[in-house]
Amino acid sequence: MSARRTSDPDQLAEQLLSGDRRALARAITLVESRHEADRTAADALLQKILPRTGKAIRIGISGTPGVGKSSFIERFGLYLTAQKKKVAVLAVDPSSTLSGGSILGDKTRMEQLVRDANAFIRPSPSGGSLGGVARRTREAMLLAEAAGFDVVLVETVGVGQSETTVAEMVDIFLLLLAPAGGDDLQGIKRGIMELADLVVVNKADGDLLPKARLAAADYRMALHLMRPRHADWQPQVQMASALLNEGIDAVWTTIEDFRGKLEKSGAFQAQRRHQAEGWLWRELQDGLLDWLKQDAAVAAELPKLQKAVSAGKATPHAAAKKILSLLGK
């Protein structure tokens, strides 16, 4: 069913607030739509449910390829639902820039969690646009919170720019790493380590357990050399095994400790306010760019300026200044 055939905002909001998971799926489809009519309906829906948002803990989860991210998230999600918590997993699917097709299938990779009545899994194709991901994922988080979910997990596509985008919209950023250390530590970008509030060394089992212990020690040393994101929190390093379902409870205990300390100091809500303001500026930038592209004078001049820049006959700064001068007429 297309977003344009869903219920009106009032009806959809009522269903969503009652905890209807199908309504949540339709609502996310609505906010993901690029049709102008759907965007108007989505804005109305979000305004209606806004007072019922903000109570969930928002957790960003990233990790290097092959680290067992989906297995960890499934185990973590099942642990939380066993604690009578409702869990929403918003997985950012990397879409092909050529075909637009997604290469991940989180619902097939989390077979047990997807069948859990207290869990909701939603892959969101990135479409090659991190800006689009930021808008849709932020709004999907609000919708999940309004539907009564206690924990929202945002899984990123991998190590890269998307991590910074996701870190700017969640309460705590968890970095999942494999049992490796020494020279392997050099392969982990400093930037991604600086984003982490919690590092979890997964696959800490069997023959890999000694390596996991060494890796955890290396990561602790590395984190102590970096400036923490929060004055009230020193990033932690823990070990876990999604395979054996070990260490999962300790991860949740640490997340609760993180939230408790930041709420006590006021840093938790301060971070959310800062994120909301940043979201406003991002929306303004995106809106202004859309408006710029729709201007008739710009549309007529832009192709010529692009050609001049690519041919080395004009600098990007001069071309941009020329475009902006057209808006002042």
Side-chain angles (χ1 to χ4, degrees), residues 53-63 67-69 71-90 113 118-119 141 144-145 148-156 163 166-177 179 188 192-205 212-213 215-242 244-275:
T53 66
K55 295 181 179 179
I57 178 76
R58 305 163 182 173
I59 305 170
I61 300 182
S62 183
V67 75
K69 198 165 39 174
S71 298
F72 175 84
I73 290 174
E74 180 169 52
R75 288 291 192 181
F76 188 51
L78 290 170
Y79 169 79
L80 293 173
T81 58
Q83 307 303 309
K84 308 300 182 184
K85 297 189 181 298
K86 296 182 67 178
V87 180
V89 180
L90 306 176
L113 189 59
N118 287 318
M141 283 197 305
E145 290 176 344
F149 285 85
D150 307 295
V151 181
V152 179
L153 306 178
V154 182
E155 178 190 2
T156 70
E163 273 56 44
V166 170
E168 291 172 350
M169 68 175 76
V170 296
D171 301 314
I172 182 168
F173 189 76
L174 187 158
L175 178 60
L176 206 61
L177 296 175
I188 307 298
I192 189 69
M193 290 290 289
E194 289 176 331
L195 292 175
D197 300 302
L198 173 59
V199 172
V200 176
V201 180
N202 193 27
K203 300 184 178 182
D205 50 60
R213 288 173 177 154
D218 285 341
Y219 295 138
R220 288 190 187 99
M221 185 178 298
L223 286 172
H224 277 293
L225 298 175
M226 298 178 187
R227 183 177 180 178
R229 292 207 304 157
H230 306 286
D232 308 289
W233 181 259
Q234 177 62 42
Q236 305 290 306
V237 178
Q238 295 178 228
M239 296 189 301
S241 169
L244 301 180
N245 199 21
E246 294 178 350
I248 305 299
D249 54 343
V251 170
W252 177 243
T253 298
T254 300
I255 291 173
E256 287 187 305
D257 185 35
F258 170 89
R259 182 173 187 171
K261 288 182 177 178
L262 266 66
E263 283 184 334
K264 185 177 181 180
S265 69
F268 191 85
Q269 290 303 327
Q271 175 177 250
R272 285 201 172 181
R273 289 193 296 269
H274 177 73
Q275 289 174 342

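The residues of the chain are indexed from 1 along the displayed sequence.
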Flag for Thr81-Asn118: side-chain donor and acceptor within less than 3.5 Å: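 No, because no side-chain N or O of Asn118 sits under 3.5 Å from a partner of the opposite role on Thr81.
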Atom pair [atom1] ([X]) and [atom2] ([Y]), whose distance is rounded to the nearest 0.5 Å:
X	Y	atom1	atom2	result
Ser62	Leu195	OG	CG	9.0 Å
Glu194	Ile192	CD	CD1	10.0 Å
Phe258	Leu174	CZ	CG	11.0 Å
Arg229	Gln271	CZ	CD	5.5 Å
Lys86	Leu80	NZ	CG	14.0 Å
Arg273	Phe268	CZ	CZ	11.5 Å

Backbone N or O of [Y] within a donor-acceptor pair of the [X] side chain at under 3.5 Å?
X	Y	answer
Glu155	Leu153	no
Arg220	Val237	yes
Asn202	Leu177	no
Trp233	Leu262	no
Arg213	Met239	no
Gln238	Leu198	no
Glu246	Ser241	no

Which atom of [X] lies closest to which atom of [Y], heavy atoms considered:
X	Y	result
Ala56	Phe149	CB-O, 3.4 Å
Lys261	Asp232	CD-O, 4.1 Å
Pro179	Lys203	CG-O, 3.6 Å
Arg272	Ile57	NH2-CA, 4.4 Å
Ala88	Ala144	CB-CB, 3.9 Å
Leu175	Ala196	CB-CB, 3.9 Å

Stepwise side chain to side chain contact (heavy atoms under 4.5 Å, CB included) check, His224 with Gln234: CA-CA 8 Å; His224 277 293; Gln234 177 62 42; 3.9 Å; yes
Intermediate values then yes/no, side chain to side chain contact (heavy atoms under 4.5 Å, CB included), His230 and Asp197: CA-CA 8 Å; His230 306 286; Asp197 300 302; 3.4 Å; yes
Any side-chain heavy atom of [X] sitting closer than 4.5 Å to one from [Y]?
X	Y	answer
Ile59	Val170	no
Val151	Trp252	yes
Phe76	Ile255	yes
Val89	Ile73	yes
Phe72	Val251	yes
Glu145	Lys55	no
Leu223	Val199	yes

Lys/Arg N to Asp/Glu carboxylate O, Arg259 vs Asp171, below 4.0 Å: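 Between Asp171 and Arg259 there is no salt bridge, as every charged N stays at least 4.0 Å from the carboxylate O atoms.
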